[in-house]
Amino acid sequence: MIAITLNGESRQFASPPTIAQLVEQLELAGKRIAIERNGEIVPRSRYPELKVADGDALEVVIAVGGG
Amino acid sequence: MIAITLNGESRQFASPPTIAQLVEQLELAGKRIAIERNGEIVPRSRYPELKVADGDALEVVIAVGGG
Amino acid sequence: MIAITLNGESRQFASPPTIAQLVEQLELAGKRIAIERNGEIVPRSRYPELKVADGDALEVVIAVGGG
Amino acid sequence: MIAITLNGESRQFASPPTIAQLVEQLELAGKRIAIERNGEIVPRSRYPELKVADGDALEVVIAVGGG
Amino acid sequence: MGRPDAVAVGDPLIMAGKTWRSRLIVGTGKYKDFAETRAAIDASGAEIITVAIRRTNIGQNANEPSLLDVLPPSQFTILPNTAGCYTADDAVRTLRLARELLDGHALVKLEVLGDAESLYPNMPETIAAAKTLVAEGFQVMVYCNDDPIVAKQLEEIGCIAVMPLASLIGSGMGILNPWNLQIILDRVNVPVLVDAGIGTASDAAIAMELGCDGVLMNTAIAKARDPVMMAGAMKKAVEAGREAFLAGRMAKKIYQAQASSPTDGIIAPRKS
Amino acid sequence: MGRPDAVAVGDPLIMAGKTWRSRLIVGTGKYKDFAETRAAIDASGAEIITVAIRRTNIGQNANEPSLLDVLPPSQFTILPNTAGCYTADDAVRTLRLARELLDGHALVKLEVLGDAESLYPNMPETIAAAKTLVAEGFQVMVYCNDDPIVAKQLEEIGCIAVMPLASLIGSGMGILNPWNLQIILDRVNVPVLVDAGIGTASDAAIAMELGCDGVLMNTAIAKARDPVMMAGAMKKAVEAGREAFLAGRMAKKIYQAQASSPTDGIIAPRKS
Amino acid sequence: MGRPDAVAVGDPLIMAGKTWRSRLIVGTGKYKDFAETRAAIDASGAEIITVAIRRTNIGQNANEPSLLDVLPPSQFTILPNTAGCYTADDAVRTLRLARELLDGHALVKLEVLGDAESLYPNMPETIAAAKTLVAEGFQVMVYCNDDPIVAKQLEEIGCIAVMPLASLIGSGMGILNPWNLQIILDRVNVPVLVDAGIGTASDAAIAMELGCDGVLMNTAIAKARDPVMMAGAMKKAVEAGREAFLAGRMAKKIYQAQASSPTDGIIAPRKS
Amino acid sequence: MGRPDAVAVGDPLIMAGKTWRSRLIVGTGKYKDFAETRAAIDASGAEIITVAIRRTNIGQNANEPSLLDVLPPSQFTILPNTAGCYTADDAVRTLRLARELLDGHALVKLEVLGDAESLYPNMPETIAAAKTLVAEGFQVMVYCNDDPIVAKQLEEIGCIAVMPLASLIGSGMGILNPWNLQIILDRVNVPVLVDAGIGTASDAAIAMELGCDGVLMNTAIAKARDPVMMAGAMKKAVEAGREAFLAGRMAKKIYQAQASSPTDGIIAPRKS
């Protein structure tokens with residue numbers, strides 16, 4: 001059982017998913033997003049291999065209208 | 001019986017007063033005023049002799065605050 | 001022998017020309033001009049018949065660049 | 001024989017004077033001045049005891065008109 | 001461009017019952033030569049052009065081309081003016097000559113100047129001339145000062161357009177008193193065109209943003225380093241200002257700005 | 001129009017080695033919906049559009065279209081900004097995310113704000129962020145105050161464009177201090193774009209007439225009563241201002257105006 | 001203070017052969033009560049005060065004090081105005097009454113308004129009234145628009161002072177068109193006083209710095225939160241502006257500033 | 001005068017725990033000679049005067065009077081500045097010398113310039129110097145740009161007054177961006193004095209009307225045609241502006257003016 005912070009909200013997982021699996025769950029697969037883990041960018045190429053770890057702080061972002 | 005217009009209001013008199021008498025009635029004696037009768041200035045010096053006539057239009061004015 | 005003022009300059013003629021003849025002399029025939037005689041417009045239609053008279057003041061104008 | 005830089009100009013002395021002696025020479029005694037030696041302020045109280053040393057850079061300043 | 005512009009969707013200038021697609025009226029003076037004049041006027045997109053009425057040079061260059069050969073009435077609406085007139089009488093006589101010259105053409109620009117140094121209009125003489133000209137059937141577009149009471153009086157006399165100055169003729173100082181123009185626009189029902197004083201493109205845009213119906217200029221184009229390019233700039237500036245006026249500008253807020261980007265969803269500051 | 005406009009004759013905006021036909025950069029915030037956003041941006045003719053980077057709403061409206069579906073990078077140069085960031089660190093992290101999001105895209109808009117009420121830039125933090133971003137290979141267009149010394153420093157740090165404010169973000173107050181912009185233009189060699197504060201078309205024209213290389217705006221278009229029409233007005237205003245700058249405006253003369261119509265050949269005053 | 005001020009060294013305002021130490025003329029309207037009126041006028045240092053002429057309220061408050069009891073002609077030069085008049089005829093009749101009221105006093109302020117909303121002057125009516133009043137021996141100080149040609153005409157008619165508006169009566173907008181005032185000052189030889197539109201002290205100073213001979217105001221003082229303090233501020237502002245005009249201001253330099261401190265003798269940068 | 005002025009009723013300028021009656025600080029540079037310097041400063045009523053620190057001319061004019069003989073610290077608060085310094089280090093060293101020169105005097109004016117042409121402040125260097133000087137116990141009045149975020153930061157560093165520029169040093173351009181000054185005044189709690197750019201009396205009045213606590217100037221007085229008269233004008237202008245600020249100006253109304261004279265009691269128009 002692990003806990004992470006995702007865009008400021010707490011999430012639990014029975015077993016740590018890969019970033020790719022997490023993106024899948026969030027229905028964000030194929031969308032233009034970017035992910036930061038503990039202040040570091042996670043390159044898209046590494047989503048399949050990288051597993052989230054207990055205590056991770058993740059930020060998942062998209063582009064929105066702005067000036 | 002005569003009727004005049006005094007500062008836009010109608011006034012009746014049994015017998016035509018002099019301007020001086022009118023000023024007296026209006027409790028304006030000794031005050032800084034000026035009087036126009038039918039568009040013409042009435043010099044103060046002539047108040048005692050001049051009588052108002054039926055149909056006269058009189059304007060009695062003072063100085064007030066203005067910019 | 002008559003003398004007229006044409007655009008401010010004096011001109012003599014042995015015999016009074018018509019406006020049309022004058023325009024011809026000035027090489028202005030067929031050009032867009034307008035003529036004032038003694039302060040009055042001379043309609044183009046009357047050029048052939050109207051003769052200039054001694055002492056006439058004529059203004060012959062065109063359109064030029066202006067703002 | 002020592003050499004110092006005084007307000008940007010080079011000066012030689014047979015033997016190192018005290019700051020007080022230097023000020024005397026410059027006819028600045030009793031005037032409102034301040035002195036910096038090698039980037040450090042020299043307190044007025046120490047003028048009599050402090051000797052200039054070879055290679056010293058001195059700045060002697062006064063107040064002038066300014067905005 | 002992504003959209004038909006205001007002109008195409010139909011926002012014509014209407015004066016004396018006629019309509020024009022362009023809200024820019026240009027003068028024909030001060031150019032290097034007729035070729036430059038024509039090129040600049042084409043670039044400006046102007047449909048109405050002003051001309052002055054002057055004595056012919058008797059016996060001189062009888063065969064040189066004339067302005068109206070280069071800018072024929074068949075292609076442009078010619079607007080004769082009374083530049084150089086300092087009395088109502090001279091202005092009236094000049095426009096009678098113009099009407100004859102232009103075969104009965106009635107649309108004219110009246111201006112009566114106060115002095116040769118400032119070229120500021122003489123309004124009492126202008127009012128007198130306007131009364132005479134209207135009575136004689138002229139359609140009078142009148143150059144005037146920016147006095148809203150006088151502008152209203154000129155409308156009541158029957159002028160078909162009032163044309164207050166932005167600043168002195170030929171000064172290029174731009175709009176010195178937009179508040180007076182605003183008061184005029186609030187009171188006058190005939191078209192209001194800014195005439196005189198425009199110096200650059202933004203001046204023209206500002207005039208249109210105030211709600212003016214058009215702009216008349218000459219020096220700003222003719223005396224630019226590149227008159228033809230400036231003419232194109234003025235065309236766009238007048239259209240831009242008109243469209244901005246029609247589009248309804250945002251409110252001004254000295255303060256309390258609101259960000260253009262959403263303020264939620266900002267990523268978390270990193271714990272240090 | 002009578003002449004090819006300045007764009008067509010070749011007067012591109014060149015930044016970081018790339019060229020753009022449009023000198024108007026527009027934001028994508030504050031619109032009613034994506035349809036209005038797209039229509040306005042098309043009308044503006046903008047080739048570069050700014051976007052903000054924000055957290056996804058986890059688990060919500062997973063299927064709704066996203067901004068970049070409506071304004072795809074294949075059609076526009078996307079300029080991610082750091083709106084909402086108050087520290088150099090947050091701004092840097094936000095742009096690293098943007099680069100990843102946009103497949104290594106390096107052209108970014110840096111802004112670090114001083115407080116949420118004024119949205120005035122925090123220049124010390126902005127300078128710190130600029131140094132980091134330039135070192136990491138970003139092409140930084142930097143939002144800044146109108147301090148000419150700071151603008152020069154940002155150029156020396158390696159920013160590819162400096163973007164001083166005209167007035168506060170979202171204020172629509174226009175150009176409050178054209179003199180400072182002039183001093184910046186005199187000193188800085190990279191492109192200078194006015195960013196923030198534009199309220200209406202003439203404001204944009206004035207910025208370009210000063211010699212600025214471009215204008216960035218959002219609220220002035222999005223919060224106009226008719227954003228699409230205003231977008232078209234802004235396109236024309238930026239072009240008009242640029243062409244007026246290139247054409248070289250007439251000199252201003254407070255006085256001693258010279259008439260646009262010739263002063264000789266005036267008809268004689270009638271003897272009375 | 002280290003020096004006698006301009007007034008003391010002798011720089012009087014001269015009108016119609018009389019001299020005044022104060023160049024500030026104040027109105028007497030809009031005050032809370034007569035006590036405030038008197039206190040403010042004393043603080044202003046004004047020697048000339050304007051009054052309006054109105055019908056008495058017949059039979060009412062016969063014993064209440066009147067304005068001229070509080071501000072007696074023995075202490076102030078009373079300047080009757082024609083506020084509220086919209087025709088030349090009403091203005092002339094009003095001033096004839098004023099002359100009778102003030103025992104033959106000839107110095108008057110003529111104003112004929114165009115409409116009740118803008119209170120902008122009606123110049124054709126004003127000109128007509130001025131001719132009549134001058135012919136009847138009045139010394140006419142005339143409220144007018146800022147048209148330099150009309151101002152010159154009013155001087156030629158025989159008005160002893162022309163008083164162009166800074167902006168609309170009661171607006172407090174300040175001087176909207178200083179250039180027109182400058183042109184008037186260049187042309188008119190009688191005293192030029194700015195009348196109407198002054199909102200705060202700096203507005204009055206600016207009017208005097210332009211070279212105006214005086215300033216007339218009412219609302220700016222009467223409607224300040226503290227009228228008496230504002231009256232004192234206006235006194236100082238008019239004197240400050242006058243002295244600055246006489247002292248001859250420094251030249252403006254957009255650029256190429258010269259330091260106020262000497263540039264030689266700077267201490268040497270430390271070797272690092 | 002009819003009332004005690006604001007100064008007399010007690011509205012002192014309070015800085016670093018001390019109080020001053022005058023809100024005008026003047027420089028001592030650019031005068032013809034010491035006599036003119038002293039006469040102008042006396043006329044200005046200034047209690048605080050700025051001086052520059054410079055190398056002595058070794059061996060020259062040892063007996064000529066010095067500035068501080070003419071303007072002794074016993075009569076004025078001497079405010080040494082760092083004019084001519086372009087780095088934090090030079091500014092700090094200069095003020096350490098000044099403190100020694102003035103027997104431990106702590107009140108100083110910090111200015112670090114960006115370049116010799118514009119004399120615009122270099123804020124990053126200024127901030128660095130301010131931190132050092134405050135740490136060393138100086139009471140720092142700091143010359144700065146008009147950036148409200150930087151002004152707040154300087155207050156937080158411990159500067160006892162912030163002094164934003166009105167416009168470039170020596171330019172006499174007046175207050176180019178009153179809105180930024182307003183934002184600074186809304187945010188900063190220490191005294192805000194306008195420094196640099198004042199050209200004439202009304203400029204100083206405007207600064208005070210905005211709510212500034214004081215004004216610092218040099219060139220506007222020293223380079224007037226009559227410096228002593230201008231100094232007196234500036235004294236009155238600063239007091240006038242301060243009193244107008246305290247008195248609370250009337251509201252501005254672009255329109256819908258209300259007459260200063262009552263609108264009832266107008267005499268009847270004559271029947272025609």
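In what follows, every chain begins at residue 1, and chains take the letters A, B, ... in the order their sequences are listed.
- Proximity of I221(G) to V26(G): side-chain heavy atoms (C-beta onward) are separated by under 4.5 Å at one or more points.
- Annotation: side chain of P227(G) is in contact with side chain of E36(G) (closest heavy-atom distance under 4.5 Å).
- Counting heavy-atom pairs closer than 4.5 Å to chain H, the top residue among S202(G), G172(G), G27(G) is S202(G).
- A salt bridge does not link R21(G) to E47(G): none of the charged nitrogens lies less than 4.0 Å from a carboxylate oxygen.
- Residue with the most contacts toward chain H among A244(G), A83(G), G174(G): A244(G) (heavy-atom pairs, distance under 4.5 Å).
- Taking the side chain as every heavy atom from C-beta outward, L168(G) and Y120(G) approach each other to under 4.5 Å.
- Among the candidates G29(G), G197(G), G199(G), the residue making the largest number of heavy-atom pairs closer than 4.5 Å to chain H is G199(G).
- If you tally non-hydrogen atom pairs under 4.5 Å between each of M173(H), M230(H), R249(H), K252(H) and chain G, the highest count goes to R249(H).
- No part of A196(H) comes within reach of chain G, as not one of its non-hydrogen atoms sits under 4.5 angstrom from that chain.
- At a threshold of 4.0 Å, the pair K235(G)-E239(G) counts as salt-bridged, since one of the basic side-chain nitrogens sits closer than that to a carboxylate oxygen.
- Salt bridge E111(G)/K109(G): present, at least one basic N to carboxylate O contact under 4.0 Å.
- Of the two parts of T87(H), neither the backbone nor the side chain holds a non-hydrogen atom closer than 4.5 Å to a non-hydrogen atom of chain G.
- Between chain H and the residues T200(G), D203(G), N218(G), the most heavy-atom pairs under 4.5 angstrom are made by T200(G).
- Contact of L97(H) with chain G is made through the side chain alone, with heavy-atom distances under 4.5 Å.
- Ranked by heavy-atom pairs under 4.5 Å with chain G, the first of C85(H), A52(H), A201(H) is A201(H).
- Contact of A251(G) with chain H is made through the backbone alone, with heavy-atom distances under 4.5 Å.
- Contact of the F245(G) side chain with the D11(G) side chain is not registered, since no non-hydrogen atoms from C-beta on lie closer than 4.5 Å.
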